[in-house]
Amino acid sequence: MEKEQLYQKIEDYIQDKLDKDQKASFESEMNADEELRKMLKLHQIIHEDLSQDVNALRDKLKEIDLGTKIIDKKETKKRSPLRILGPLTAIAAALLIGIIFLPDLLNPSLSSSQAYDKYYQPYPMALNQRSDNGNVENNLLNEAIAAYSNGRYEEASKLFGQLFDQNGDTTYKIYQAHALLANNEATMAIDVYDEVLNSNDSRFHQQASWYKGLALLSSGNTVSAKEVFQNFSPDHYKYMEAQKILKNLNN
Amino acid sequence: MSSDAQRDRRWIEGIRNQDSNVLNEIYKNIQPGIISWIKQNNGNEQDARDVFQDAIIAIYKKCKKDDFELTCKFWSFALIICKNLWFARNRNKDRMTYTDVIDEDEVRLDETMQDQMEAYDQLLLYRKHFKQLPDSCRQILSMFFAKIKMSEIAEKLDMTEAYVKKRKFKCKEALIQNIKEDELYEELKV
């Protein structure tokens, strides 16, 4: 059998498109042919791993995992000074801090810029460098990744903008917005997040809405930021954080 | 039913429905223990994070296929899956075990879970070679397996439908061929 026909038959079998007789004949062929069974298994794995629902789940898990990494880092930073001070000094320091900041602790309200400082973390670079092989787009992408990873956000925003103009992939658009926000260009970042939110590519909608809310906080637009956070559904990956911001944000 | 059992059942349901809040809860409660176990078994934190992600995906696939109900604690179930994935990743087949007693909780993986564990090295092999494909191939195959219509793929990529079909076959052929040429392929079980 020609390879193309064989692949088609395997795909049809996996997708249950063969009729009863074709299915029976293919299964008897498989029983007698170990290589064919191995091939089928491999195709099944590829089908399953690239299926839309598994991909969607993987994207969600990556986001959550990045979130837990950021929290771990923050907690390590918070804990380390007390460890150095030792338990008794730490208690004394905590008491002093408590006395100084008691009024704030009783009234947990935050200004928009305080909320932004508390919740904003530059989005981590999750793209991988590619081998260039003389490929212009890969070269540009590698430069953009390096600029973003090294905190050269102005350069990164321009490069990701160029990449988006070249192939229209929303991945580049969202990184352009993240780079603008990291470069304190909140107003421009909001426009780019809006473009992501208006695109049909829903992979980045949750991420864009969270960062758009933060960008609005950064630009002091509390009312619009609240509107953005109020629209988060309970399954939004930043729902809990948004609720905390809404609860503590000054009017 | 105890509150722990109710919570575990809610977690399984949450994985089945890809509920972000539940997934967040699972990550906060279970992932640190898995990271600690993998670090004790010669892995680093990133290995542990990757294995944990694959374990959640394995549970999701299981939930999707069967009318699955937990017969042990979620923690024990997650740990035995992660152990198996970790051993498979390290090709340490001797230590593969599908039943275990974890904190006095007897855990047994059924046949479909065992199949998933055994296919894990194939999955890793395929991922290795998929990553090495040219971007255009990865794009076409990803869209095809995500069940996007050929006409839509053609429109998105500014190609004719016939060309997309041809490319899809060529890309898949290259992927399969590269996997078959990998020295690990011969060792894989059917």
Side-chain angles (χ1 to χ4, degrees), chain A residues 3-8 10-11 15 30 33-69 71-72 128 130-131 133 135 137-138 141 167-169 206 232-240, chain B residues 14-15 17-24 26-28 31-32 35 45-46 49-50 52-54 56-57 60-61 64 115-116 119-120 122-123 125-127 130-132 134-135 138-139 141-148 156-157 165-166 168-170 172-173 175-177 179-180 185 188-190:
Chain A
K3 227 179 228 173
E4 196 163 356
Q5 283 174 302
L6 174 67
Y7 285 6
Q8 192 56 52
I10 291 175
E11 275 168 19
Q15 293 169 2
M30 255 189 316
D33 186 345
E34 189 185 325
E35 189 54 37
L36 186 57
R37 287 204 298 278
K38 221 168 168 177
M39 184 71 84
L40 174 72
K41 183 93 186 180
L42 198 54
H43 275 76
Q44 279 170 328
I45 286 170
I46 300 171
H47 270 256
E48 221 171 54
D49 202 54
L50 287 175
S51 68
Q52 203 165 19
D53 57 338
V54 171
N55 263 333
L57 176 62
R58 190 180 294 115
D59 286 346
K60 259 186 198 175
L61 298 180
K62 276 184 187 166
E63 289 275 358
I64 294 169
D65 190 47
L66 279 173
T68 63
K69 267 189 200 169
I71 290 167
D72 286 351
N128 294 321
R130 311 244 172 100
S131 62
N133 294 334
N135 178 314
E137 188 182 321
N138 284 356
L141 177 60
N167 85 355
D169 186 338
Q206 289 200 358
F232 283 13
S233 61
D235 71 343
H236 192 292
Y237 83 112
K238 290 288 184 187
Y239 179 75
M240 301 301 281
Chain B
I15 293 176
N17 300 324
Q18 302 198 4
D19 180 323
S20 298
N21 282 334
V22 173
L23 294 170
N24 254 308
I26 295 171
Y27 264 71
K28 278 178 192 155
Q31 194 195 39
I35 291 177
E45 187 170 327
Q46 193 52 50
R49 287 177 185 277
D50 293 345
F52 188 65
Q53 181 182 299
D54 284 335
I56 299 291
I57 292 173
Y60 169 75
K61 286 179 185 169
K64 212 176 67 165
D115 283 349
Q116 275 204 65
Y120 191 56
Q122 278 170 286
L123 181 68
L125 189 61
Y126 133 73
R127 281 188 192 157
F130 184 74
K131 269 187 201 164
Q132 290 168 2
D135 287 353
R138 289 207 305 264
Q139 221 175 358
L141 289 178
S142 298
M143 286 197 265
F144 171 73
F145 288 113
K147 295 202 169 128
I148 296 175
K156 273 192 174 181
L157 301 178
K165 271 186 191 163
K166 202 173 170 182
K168 185 210 89 187
F169 166 70
K170 290 277 176 204
K172 200 169 176 187
E173 190 187 25
L175 175 62
I176 302 279
Q177 200 52 42
I179 294 173
K180 283 173 86 173
Y185 181 72
L188 297 178
K189 279 192 205 167
V190 183

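Within every chain, numbering begins at 1; the chains are lettered A, B, ... in the order of the sequence lines, protein sequences first and strands thereafter. Here the structure is a predicted model, which means the values were calculated and not measured.
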Open item on the list: Applying side-chain contact (heavy atoms from CB on, under 4.5 Å), can you list everything that pairs with B:Q18, at least two apart in sequence or on another chain?
Closed with: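 For B:Q18 the side-chain contact (heavy atoms from CB on, under 4.5 Å) partners, ignoring immediate neighbours, are A:D53, A:A56, A:L57, A:K60, B:Y60.
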TODO: Evaluate the side-chain proximity of B:I26 to A:I64: yes if any heavy-atom separation is below 4.5 Å, no if none is.
DONE: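 A:I64 does not reach B:I26 side chain to side chain.
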Among the options [options], pick out the one with the most heavy-atom pairs lying under 4.5 Å from chain A.
| options | result |
| --- | --- |
| B:K64, B:K147, B:K61, B:Q116 | B:K61 |
| B:K180, B:M143, B:E173 | B:E173 |
| B:N17, B:D135, B:I15 | B:D135 |

Task: Taking every non-hydrogen atom, the tightest pair across A:E35 and B:Y185 - done: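 Looking at all heavy atoms of both residues, the closest pair is OE2-OH, 3.2 Å.
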TODO: For each of A:D49, A:L40, A:I45, tally heavy-atom pairs with chain B at distances under 4.5 Å, and name the one with the top tally.
DONE: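 Most pairs with chain B among the choices: A:D49.
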Task: Contact leader toward chain B among A:L50, A:I46, A:V54, A:N167, where contacts are heavy-atom pairs under 4.5 Å - done: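 It is A:L50.
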Point-to-point distance, once rounded to the nearest 0.5 Å, from [atom1] of [X] to [atom2] of [Y]:
| X | Y | atom1 | atom2 | answer |
| --- | --- | --- | --- | --- |
| A:Q206 | B:S20 | CD | OG | 5.0 Å |
| B:I176 | A:M39 | CD1 | CE | 6.0 Å |
| B:K172 | A:H43 | NZ | NE2 | 3.5 Å |
| A:K41 | B:D115 | NZ | CG | 5.0 Å |

Side chain, backbone, both or neither: which part of [X] has a non-hydrogen atom closer than 4.5 Å to chain A?
| X | result |
| --- | --- |
| B:K156 | neither |
| B:Q139 | neither |
| B:D54 | neither |
| B:L175 | side chain |
| B:F52 | neither |
| B:K170 | neither |

Open item on the list: Please check if the number of heavy atoms outside A:M30 that lie under 6.0 Å from its CE is greater than 12.
Closed with: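 Yes.
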Open item on the list: Walk me through whether A:L61 and B:Y27 qualify under side chain to side chain contact (heavy atoms under 4.5 Å, CB included).
Closed with: CA-CA 9 Å; A:L61 298 180; B:Y27 264 71; 3.5 Å; yes
Open item on the list: Taking the basic N atoms (NZ, or NE/NH1/NH2) and the acidic carboxylate oxygens, is any pair closer than 4.0 Å for B:K168 and A:E11?
Closed with: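 Looking at B:K168 and A:E11, the cut-off is met.
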TODO: Establish, yes or no, whether the cationic atom of A:K3 lies under 6.0 Å from the six-membered ring centre of B:F169 and within 45° of the ring axis.
DONE: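 The answer is no; the distance or angle limit is not met.
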Task: Member of B:Q46, B:Q31, B:Q53 meeting the side-chain hydrogen bond (donor to acceptor under 3.5 Å, both in side chains) criterion with A:D65 - done: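 Running side-chain hydrogen bond (donor to acceptor under 3.5 Å, both in side chains) over B:Q46, B:Q31, B:Q53 with A:D65 returns exactly one hit, B:Q31.
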Open item on the list: Less than 4.5 Å to any heavy atom of chain B: does that hold for the side chain of A:Q8, its backbone, both, or neither?
Closed with: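 Contact with chain B is through the side chain of A:Q8 alone.
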